[in-house]
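In this text the structure is predicted, and so the values were computed from the model without any measurement. Only this structure's heavy atoms are used, side chains among them; waters, hydrogens and symmetry mates stay out.
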Amino acid sequence: MKIVYAIVGSSDGTRVTAVLNEHGYMVTRLATTGGFLKKGNATLMIETEKERVDEAIHLIEETCGKRQKIMCDLPAPHTGTMSAGFATIPTEVEVGGATIFVTDVERFEKF
């Protein structure tokens, strides 16, 4: 028996959990924080048989793989002739992805 720890962005956590549940995986989801920008994450704990680990990882990758997104939340000082304020600079950023750990389970009990 194995446990797969998948750390995904909080915006991907619900979708990944739903996809894994649809394929018969039992998932425990924890709200966590970390990473370079201290953004919210979801840490998923997935109990599975050794033979299904690769399938679980594949489902996670398909659901929340890295992708490009245009973000407009970086303020820049307004330099035009309009009223003083802030404008936003559209910036392409990479979002998504997962960090995955797979460990052996010495003992598993469910009450």
Side-chain angles (χ1 to χ4, degrees):
M1 182 160 297
K2 300 282 188 178
I3 189 162
V4 178
Y5 295 96
I7 304 165
V8 301
S10 55
S11 60
D12 290 329
T14 301
R15 287 180 307 149
V16 175
T17 300
V19 167
L20 290 167
N21 287 161
E22 288 171 11
H23 286 85
Y25 292 93
M26 301 297 290
V27 180
T28 299
R29 179 179 171 181
L30 305 171
T32 54
T33 303
F36 179 69
L37 297 175
K38 305 297 184 215
K39 297 281 186 179
N41 296 320
T43 298
L44 308 177
M45 299 187 312
I46 307 143
E47 173 272 323
T48 188
E49 297 300 323
K50 179 181 177 181
E51 298 79 20
R52 297 193 69 202
V53 168
D54 289 337
E55 178 189 14
I57 292 171
H58 178 73
L59 291 169
I60 294 164
E61 183 179 11
E62 280 188 337
T63 307
C64 70
K66 291 185 179 181
R67 56 208 180 270
Q68 298 298 312
K69 181 178 180 180
I70 300 294
M71 301 289 288
C72 293
D73 61 353
L74 301 173
H78 190 289
T79 57
T81 58
M82 298 174 70
S83 64
F86 286 94
T88 57
I89 301 171
T91 305
E92 188 174 64
V93 296
E94 188 175 78
V95 297
T99 300
I100 297 174
F101 301 90
V102 180
T103 61
D104 292 322
V105 175
E106 186 175 319
R107 181 175 173 174
F108 175 76
E109 294 184 30
K110 187 173 181 178
F111 295 99

With a 4.5 Å heavy-atom cut-off, do [X] and [Y] have their side chains touching?
X: M26; Y: K110; answer: yes
X: K50; Y: M1; answer: no
X: V4; Y: V53; answer: yes
X: I57; Y: V102; answer: yes
X: V105; Y: E47; answer: no
X: I100; Y: Y5; answer: no
X: L59; Y: Y25; answer: yes
X: L20; Y: T63; answer: no

Fill in: Sidechain N-carboxylate O distance under 4.0 Å for R52, E55
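Looking at R52 and E55, the cut-off is met.
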Discussion item. Could you report the tightest heavy-atom contact between C64 and V8, atom names first, then the distance?
Written reply: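 The pair with the smallest heavy-atom distance is SG-CG1, 3.7 Å.
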Worksheet item: At their closest point, which heavy atom of R29 faces which heavy atom of A42, and how far apart are they?
Response: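 Heavy-atom minimum between the residues: NE-CB, 3.6 Å.
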Worksheet item: Okay, side chain of D12, backbone of V16: is any donor-acceptor separation there less than 3.5 Å?
Response: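 Not a single qualifying donor-acceptor pair exists.
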Discussion item. Under 4.5 Å between side-chain heavy atoms, counting indirect links through other Ile/Leu/Val/Met/Phe/Trp/Tyr residues: same cluster for I7 and M45 or not?
Written reply: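 Yes: a chain of side-chain contacts under 4.5 Å links I7 to M45.
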